[in-house]
*Asks:* 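Quick one: the structure is below, questions incoming.
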Amino acid sequence: MKLSIGHLYPELFNLYGDRGNVRCLLKRLQWRGIEAEVIPLAAGEKVDFNGLDILCWGGGSDRGQEMAAGYLKEIRKDFKAYVEEDGVVLAVCAAYQLLGNYYRTEKKTIEGLGILDICTQWKPGRLVGNAVLESPLFSTPVVGFENHGGRTEIGDHTPLGRVLFGHGNTGNSGYEGLVYKNLFATYLHGPLLPKNPEVCDGLLERALKRKYGKEIELEPLSDIPEYRANRNIVERYTPPGSRHI
Ligand code: GLN
């Protein structure tokens, strides 16, 4: 077995250590003896989506998003086909916004890929801080760190989770991120995956299932420091009564 992990525009989208998500996916495969490779995909390069099993795309500044918009047009069609054909994607913050129709900043409107029918509007007052979610997809709370000026309306899409602490998609919707097919989009940095091994393994299992056409159960790892880090954030920010998981 071998998985290929694409890292989209790493030079423009790597805020708050989002590159750590790529490292985490790779390590958790290697620890189980599963071969994996990381393919950095530079802006302007042709992207072969057929050769990818997972695509990671991280957070970035408004400026970086504006710079990427032109390059994204070139890969839009193939990217959309990949998502519709159940390709696995982790999109964080700026990437989440750019998967939608547009991100309207204070000064201009940055056109998105339109793969998700969502819209993002900048508003004064950044939404910053630690966040804790409960998600029906995972038995442990999802924790992370958010820092965004954009507010994202997700319409009829399914959110990734309910906000137990933090701001989430708009600051007042009560929900964070979204899940569409095998695409997870979220405002959570951290990086996200090292502190949420269940989310990481969820992505890996989806990628293995898509590639090999059957459920492949991943060998459990001890994950003691990972869950200690997760628990630390949960206990610091959410009173026991507010958690259902
Ligand atoms: N530039 C976007 C915003 O401020 C995304 C920031 C990020 O990726 N953290 O909303």
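The analysis underlying the following values was restricted to heavy atoms, covering all of them including side chains, and did not include hydrogens, waters or symmetry mates. A quick note: this is a predicted structure, and the numbers were derived from the prediction, not measured. Atoms within a ligand are numbered from 1 in the order they appear, just like the ligands themselves.
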*Asks:* Got the residues with a heavy atom under 4.0 Å of ligand 1, by chain and number?
*Replies:*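 Its neighbours under 4.0 Å (heavy atoms only) are Leu15, Tyr16, Gly59, Gly60, Ser61, Asp62, Gln65, Cys93, Ala94, Gln97, Tyr103, Arg126, Asn147, His148, Gly149, Gly150, His189, given by chain and number.
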
*Asks:* Going by the rule side-chain hydrogen bond (donor to acceptor under 3.5 Å, both in side chains), which residues pair with Tyr175 if we only count those two or more places apart in sequence or in a different chain?
*Replies:*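 None.
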
*Asks:* Report all side-chain donor-acceptor pairs from residues 27-34 shorter than 3.5 Å, counting only partners two or more places apart or in another chain.
*Replies:*
from, atom 1, to, atom 2, distance (Å)
Arg28, NE, Asp201, OD1, 2.9
Arg28, NH1, Asp223, OD1, 2.8
Arg28, NH2, Asp201, OD2, 3.0
Arg28, NH2, Asp223, OD1, 3.4
Arg28, NH2, Asp223, OD2, 3.0
Arg32, NE, Glu219, O, 2.6
Arg32, NH1, Arg28, O, 3.3
Arg32, NH1, Asp201, OD1, 3.1
Arg32, NH2, Asp201, OD2, 2.8
Arg32, NH2, Glu219, O, 3.0

*Asks:* Residues in side-chain hydrogen bond (donor to acceptor under 3.5 Å, both in side chains) with Lys73, at least two apart?
*Replies:*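 By the side-chain hydrogen bond (donor to acceptor under 3.5 Å, both in side chains) rule, Lys73 matches no residue at all.
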
*Asks:* Do Arg19 and His7 come within less than 4.5 Å of each other through their side chains, counting heavy atoms only?
*Replies:*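 Side chain of Arg19 against side chain of His7, heavy atoms only: contact under 4.5 Å found.
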
*Asks:* Tell me whether the rings of Trp57 and Phe79 are parallel (<30°), tilted (30 to 60°) or perpendicular (>60°).
*Replies:*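 Judged by the thresholds at 30° and 60°, the geometry between Trp57 and Phe79 is tilted.
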
*Asks:* With side-chain contact (heavy atoms from CB on, under 4.5 Å) as the test, would you mind laying out the steps for Leu203 and Leu90 before giving the verdict?
*Replies:* CA-CA 8 Å; Leu203 293 168; Leu90 174 65; 4.1 Å; yes

